[in-house]
Amino acid sequence: MMENRIDLTVNIAGLSLKNPVIAASGTFGFGREYSAFFNLSRLGGIAVKGLTLKPRKGNPPPRIAETPAGILNSVGLQNPGVHAFIRDEIPFLRRYETAIIANASGNTVEEYEEMVSILSEADVDAVELNLSCPNVKEGCLVFGSSVSGITQVVSRVRKLCKKPLIVKLTPNVTDISEIACAAEAAGADAVSLINTLLGMAIDAKTRRPVLGNVTGGLSGPAVKPIALRMVYEVSKAVKIPVIGMGGITTGTDMAEFLLAGASAVMIGTAGFVNPYAWVEAVDGLERYMLESGVKSVSELIGGLMV
Amino acid sequence: MMENRIDLTVNIAGLSLKNPVIAASGTFGFGREYSAFFNLSRLGGIAVKGLTLKPRKGNPPPRIAETPAGILNSVGLQNPGVHAFIRDEIPFLRRYETAIIANASGNTVEEYEEMVSILSEADVDAVELNLSCPNVKEGCLVFGSSVSGITQVVSRVRKLCKKPLIVKLTPNVTDISEIACAAEAAGADAVSLINTLLGMAIDAKTRRPVLGNVTGGLSGPAVKPIALRMVYEVSKAVKIPVIGMGGITTGTDMAEFLLAGASAVMIGTAGFVNPYAWVEAVDGLERYMLESGVKSVSELIGGLMV
Amino acid sequence: MNLIHRVGSIKPLNEDTFLMTIESAEIAAAGLPGQFVNVRCGGPDAYLRRPFSLCRVHRDQGTFDIGVQIRGRGTQALSLMREGDPIDIMGPLGRGFSLKSEDKRIAVVGGGIGVFPLLQLLREHPAAEKLALLGFRIRDQVIMEKDFRDECHELCISTDDGSWGVAGFVTSLLEKKLAEKKIDRVFICGPVPMMKRAVETCKGKNIPCEVSLEERMGCGIGACLVCACKVKLDGCWDYAHVCKDGPVFSGESVIFE
Amino acid sequence: MNLIHRVGSIKPLNEDTFLMTIESAEIAAAGLPGQFVNVRCGGPDAYLRRPFSLCRVHRDQGTFDIGVQIRGRGTQALSLMREGDPIDIMGPLGRGFSLKSEDKRIAVVGGGIGVFPLLQLLREHPAAEKLALLGFRIRDQVIMEKDFRDECHELCISTDDGSWGVAGFVTSLLEKKLAEKKIDRVFICGPVPMMKRAVETCKGKNIPCEVSLEERMGCGIGACLVCACKVKLDGCWDYAHVCKDGPVFSGESVIFE
Ligand SMILES: Cc1cc2nc3c(=O)[nH]c(=O)nc-3n(C[C@H](O)[C@H](O)[C@H](O)COP(=O)(O)OP(=O)(O)OC[C@H]3O[C@@H](n4cnc5c(N)ncnc54)[C@H](O)[C@@H]3O)c2cc1C
Ligand SMILES: Cc1cc2nc3c(=O)[nH]c(=O)nc-3n(C[C@H](O)[C@H](O)[C@H](O)COP(=O)(O)OP(=O)(O)OC[C@H]3O[C@@H](n4cnc5c(N)ncnc54)[C@H](O)[C@@H]3O)c2cc1C
Ligand SMILES: Cc1cc2nc3c(=O)[nH]c(=O)nc-3n(C[C@H](O)[C@H](O)[C@H](O)COP(=O)(O)O)c2cc1C
Ligand SMILES: Cc1cc2nc3c(=O)[nH]c(=O)nc-3n(C[C@H](O)[C@H](O)[C@H](O)COP(=O)(O)O)c2cc1C
Ligand code: FES
Ligand code: FES
């Protein structure tokens with residue numbers, strides 16, 4: 001009955017999602033674990049664990065630190081490599097009716113090109129370029145945090161990419177709108193933001209960093225005000241769709257991001273605390289829309305009254 | 001008895017503080033209100049409310065929003081102007097044995113120059129340049145977020161400044177070390193960081209921003225991991241002392257900042273929740289030092305084992 | 001200042017409102033009508049303190065009451081506290097209502113939970129004649145009727161739909177009463193549109209009035225300047241601060257927007 | 001999966017350790033020795049869940065016990081829960097100890113709070129002969145002595161200072177016992193240096209062993225990859241994940257650093 005009245009579908013860069021909730025890359029593995037908790041078909045999409053050309057072991061533990069209303073992680077892109085993903089994980093994911101978004105990282109422009117070429121032939125619905133992972137020293141950070149870096153990677157990759165191309169932005173920059181505009185100009189079909197904020201935790205007792213990697217990426221409710229501001233700024237600056245994320249926990253949080261200008265959202269950290277966070281956010285958004293008399297998600301997008 | 005064993009004094013840019021706790025600018029007014037709670041002489045120093053040449057009314061309310069483990073504020077530098085400060089507030093503050101740090105903002109380089117000239121003749125112990133206030137549109141943000149902006153203001157102001165010159169850095173930049181180095185090169189005696197992170201809060205019910213000013217500055221425990229990382233990076237990059245702040249609540253938090261490389265800290269938001277936060281942090285640090293067998297604060301500074 | 005006090009009791013007033021008695025000889029001794037306390041509500045998401053007006057002060061018992069409407073995270077957490085729990089409270093804070101012996105006949109005008117600070121005012125004011133006009137949306141929202149009746153000479157209640165007392169807004173009640181009898185000063189607390197209207201009514205009759213304002217707070221004591229409200233100053237305007245210059249202001253000085 | 005269960009009881013074991021009984025027919029029915037549960041502890045500062053091993057499972061009563069040492073924010077908040085409180089728990093999670101009928105004689109080696117998962121192992125293991133070696137720092141830290149005695153054929157306790165049981169480390173006890181009698185498999189849980197030493201001892205005697213590891217967790221189910229631990233793989237090494245591949249690993253496979 002609810003379904004009849006409320007339209008949750010959204011369109012992003014030619015991709016049609018049944019609802020605006022996407023599992024954020026790196027927090028949802030390849031979906032297998034959470035499929036024990038709920039039907040993955042309930043999600044608008046799944047951004048899979050960040051992929052690289054070759055398998056990566058990732059950073060030394062500890063890889064997580066709890067912070068006030070958030071977490072720091074320094075996983076460092078541990079993944080089985082893009083080929084293993086295509087072989088072992090896509091067939092499983094395809095059992096569900098949900099968009100598969102391949103999150104791709106590289107150390108060089110050439111690696112990004114190769115990744116995108118491979119993924120263009122794979123059965124995925126979109127490619128999300130991670131130019132912003134703070135846990136990898138070589139390359140990544142540089143690409144995502146300057147106009148020249150992002151222009152270079154996105155324009156070269158664009159030529160090879162046969163899928164909708166989402167560019168994921170780092171918040172560790174002076175002016176994120178400028179970077180988003182550069183991504184748009186270089187051919188991105190959408191931008192997603194924010195990736196994690198670079199942070200650090202120290203154990204005063206041992207006088208050592210908590211994380212094996214010293215620094216890590218901050219996510220969770222703590223970063224929500226920053227993420228919301230950046231989504232608001234970027235969606236005013238670009239014409240392509242914006243996927244918002246950073247600390248979203250509830251359907252109401254999600255509504256805030258849509259109002260700020262996001263066309264869809266990703267949810268990550270909240271799922272560690274509540275494995276049903278993703279589906280509860282879908283239900284929560286539906287409830288919010290019912291209560292506020294909104295019939296379709298598109299009415300909310302960018303609807304902030306300033 | 002504790003006093004005999006533990007040395008809490010620190011030296012910053014020629015300024016000797018009885019302990020490393022300074023009240024952060026904008027959170028402590030001109031000290032009057034908190035003097036009803038504790039003897040201000042217990043503080044290492046007080047950075048007074050951000051001053052401008054002329055009185056400023058500040059931004060429209062609401063000026064505060066609560067966020068997960070933090071707050072957003074958009075006060076917008078409401079203050080009675082530097083002359084009223086000198087006339088009405090310094091005499092009161094001088095009744096206490098604590099360093100007075102004048103926090104100064106301007107809209108133009110010339111305004112900064114004039115402010116510093118005036119403050120150089122006033123009875124304050126140091127000047128803290130606020131080049132990073134996110135709530136003022138004209139000028140401020142620009143100066144603090146680029147190497148050229150900071151170089152310009154600091155080098156011109158340096159020539160006129162007869163007091164220790166502390167430059168306060170904004171975290172809303174791609175590379176804070178680069179900015180800190182520019183401040184050092186231009187003649188800063190110390191840097192203080194972090195100012196607030198630009199953020200936003202939305203009321204999904206009313207579909208409006210919570211703050212009258214739309215965006216505001218994020219502070220409090222939520223930002224601590226980011227502040228700690230920036231203090232760590234900056235204190236590796238510069239030779240001048242670093243004053244750390246951002247979310248400090250306890251003596252242990254403070255120890256973490258000292259270990260990361262800060263020579264002193266500032267505490268702000270935590271005092272809204274607990275009016276004794278500043279003095280409890282002094283006591284907490286002393287306890288931490290006793291428990292870990294540290295005799296003087298200088299042993300802690302930069303003592304992180306990586 | 002000692003911050004840790006003790007929850008005495010919690011009694012529901014209606015579905016979403018309750019009265020909390022707090023044991024604190026210090027606050028009970030010092031608290032004046034219209035002043036407020038700033039309460040750490042606890043709960044995982046309520047970081048800042050929440051301000052509540054003194055609703056009733058029992059000096060002899062060393063306790064005071066606050067009336068609380070459950071609205072969000074903080075008030076929700078507060079409602080879950082139990083008798084005997086320690087509670088972290090700063091107060092009394094701010095400037096309360098003026099208690100002038102030359103004001104012989106006073107009226108209080110309260111809307112919804114705005115009635116809370118007016119009860120203690122009635123209890124302490126030296127006036128010979130006290131009129132209380134209280135407005136609520138519907139009958140279920142009517143609270144503290146008996147408590148008010150005990151503290152004044154005349155009590156009139158209005159509900160928007162007439163389900164209790166007179167039908168209509170409390171501001172209409174005020175207009176009617178001011179036409180009927182001479183009042184020396186009016187004390188007003190409630191939603192902004194109601195206060196605005198009530199102040200205008202008083203101005204029209206040249207009767208001095210005072211209003212108790214709300215604004216989001218940080219420090220609660222005047223140090224952070226976040227709780228700004230617009231007031232008239234020398235023919236122009238300026239921001240005053242609710243926590244320190246208020247929460248009670250003269251009705252003439254406030255600029256409602 | 002139903003996450004909301006109920007606190008049955010809380011009993012102190014010593015100054016900073018307590019046993020919490022939780023009512024959950026589902027977890028009691030499914031939980032195996034060595035598996036863990038991931039608990040939302042509440043409190044304003046404990047955002048993530050905390051992992052605790054199943055210590056005792058009462059299938060018939062539909063309850064299970066966890067033993068908890070108070071260390072930080074989360075365990076502190078947990079210790080304040082009361083009987084009947086709802087509690088948010090994911091579980092049972094991870095891979096537990098192997099329960100092989102060919103292992104006729106087993107030994108468990110526990111250090112400090114590492115003893116917790118070993119109790120249910122003793123209760124469920126089919127072995128004919130069960131030896132328990134438990135080490136603690138001092139007498140005041142000795143916990144669950146009677147519970148262990150009831151579940152094994154021989155119990156030896158050591159304390160570092162000899163204030164209870166044998167003086168010395170539990171690893172010395174293990175060396176001594178392995179010299180005395182034939183054991184088919186050893187199960188180890190405790191501080192890393194102790195586990196490392198115990199594994200080496202077993203290796204020296206060619207006795208297979210299993211260890212239960214700890215690592216900071218995010219999701220608790222294998223999705224976020226934060227709980228990495230080094231294991232041997234094809235002559236080289238790789239990261240395994242404590243929450244999914246463990247917490248129990250064969251002693252031979254783990255690389256202690
Ligand atoms: C001087 C003063 C006296 C007050 N007296 C009473 C009283 O006697 N009884 C009563 O029920 N309420 C009173 N209020 C309003 C009460 O403070 C808010 O309802 C309460 O802060 C809401 O907290 P929350 O956690 O439930 O809401 P949330 O929306 O979760 O609060 C989020 C933040 O916004 C602030 N906030 C939200 N609403 C208000 C508001 N209306 N005014 C100020 N800050 C707000 C909160 O303090 C908090 O910082 C008073 C407010 C002021 C300023
Ligand atoms: C598989 C497994 C089983 C465990 N079984 C038990 C048990 O039966 N009884 C028991 O008392 N303890 C057990 N622990 C350790 C227990 O999880 C930690 O003591 C607890 O998480 C500390 O939380 P805190 O809030 O008190 O500490 P804090 O230091 O405040 O915690 C901060 C963060 O670090 C994590 N953390 C801190 N110490 C540890 C640790 N040693 N291991 C993993 N994460 C940690 C916390 O989970 C939290 O995310 C187990 C750990 C694991 C991994
Ligand atoms: C454990 C962990 C691993 C992550 N790995 C990736 C990754 O591989 N690629 C990527 O683009 N983002 C990664 N992220 C960032 C998230 O996708 C997301 O941008 C961020 O966590 C903010 O959203 P949240 O607050 O909802 O978690 C990771 C985040 C976490 C917590
Ligand atoms: C209400 C408020 C007002 C502030 N005003 C100023 C200011 O005038 N000048 C300035 O340099 N920083 C100002 N700040 C920033 C603080 O000095 C400090 O850098 C920041 O709050 C981080 O520290 P904290 O987390 O301990 O509050 C203000 C912060 C708050 C919360
Ligand atoms: S709340 Fe800080 S000045 Fe009023
Ligand atoms: S905690 Fe997430 S993979 Fe182990």
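- The nearest pair of heavy atoms linking A/Met200 to B/Leu304 is CE-CD2, 3.4 Å.
- Going from atom CZ of A/Arg208 over to atom CE of B/Met305 covers 4.0 Å, rounded to the nearest 0.5 Å.
- Of the candidates A/Ile176, A/Asp175, A/Val173, A/Val173 is the only one forming a side-chain contact (heavy atoms from CB on, under 4.5 Å) with B/Thr174.
- You'll find the side chain of A/Glu256 stays beyond 4.5 Å of the side chain of B/Asp203, heavy atoms only.
- At a 4.5 Å heavy-atom cutoff, B/Phe257 makes no contact with chain A through either its backbone or its side chain.
- Looking only at side-chain heavy atoms (C-beta outward), B/Leu72 and A/Arg229 stay at 4.5 Å or farther from each other.
- In this structure, A/Ile202 and B/Ala260 approach most closely via the heavy-atom pair CD1-CB, 3.8 Å.
- By number of non-hydrogen pairs under 4.5 angstrom with chain B, the leading residue of A/Gly199, A/Pro171, A/Ala222, A/Pro225 is A/Pro225.
- Residue B/Glu233 touches chain A through its side chain alone, counting heavy-atom pairs closer than 4.5 Å.
- Under the 3.5 Å distance criterion, the side-chain polar atoms of A/Tyr288 are matched with a main-chain donor or acceptor of B/Ala204.
- Proximity to chain A is absent for every atom of B/Val210, based on heavy atoms less than 4.5 angstrom apart.
- Here OG1 of A/Thr215 is found 11.0 Å from CG of B/Leu228. Values are rounded to the nearest 0.5 Å.
- Chosen from A/Gly247, A/Pro209, A/Gly303, the residue pairing most often with chain B at heavy-atom distances under 4.5 Å is A/Pro209.
- Of all the listed residues (B/Val231, B/Thr252, B/Leu218), the one sharing the greatest number of non-hydrogen pairs under 4.5 Å with chain A is B/Leu218.
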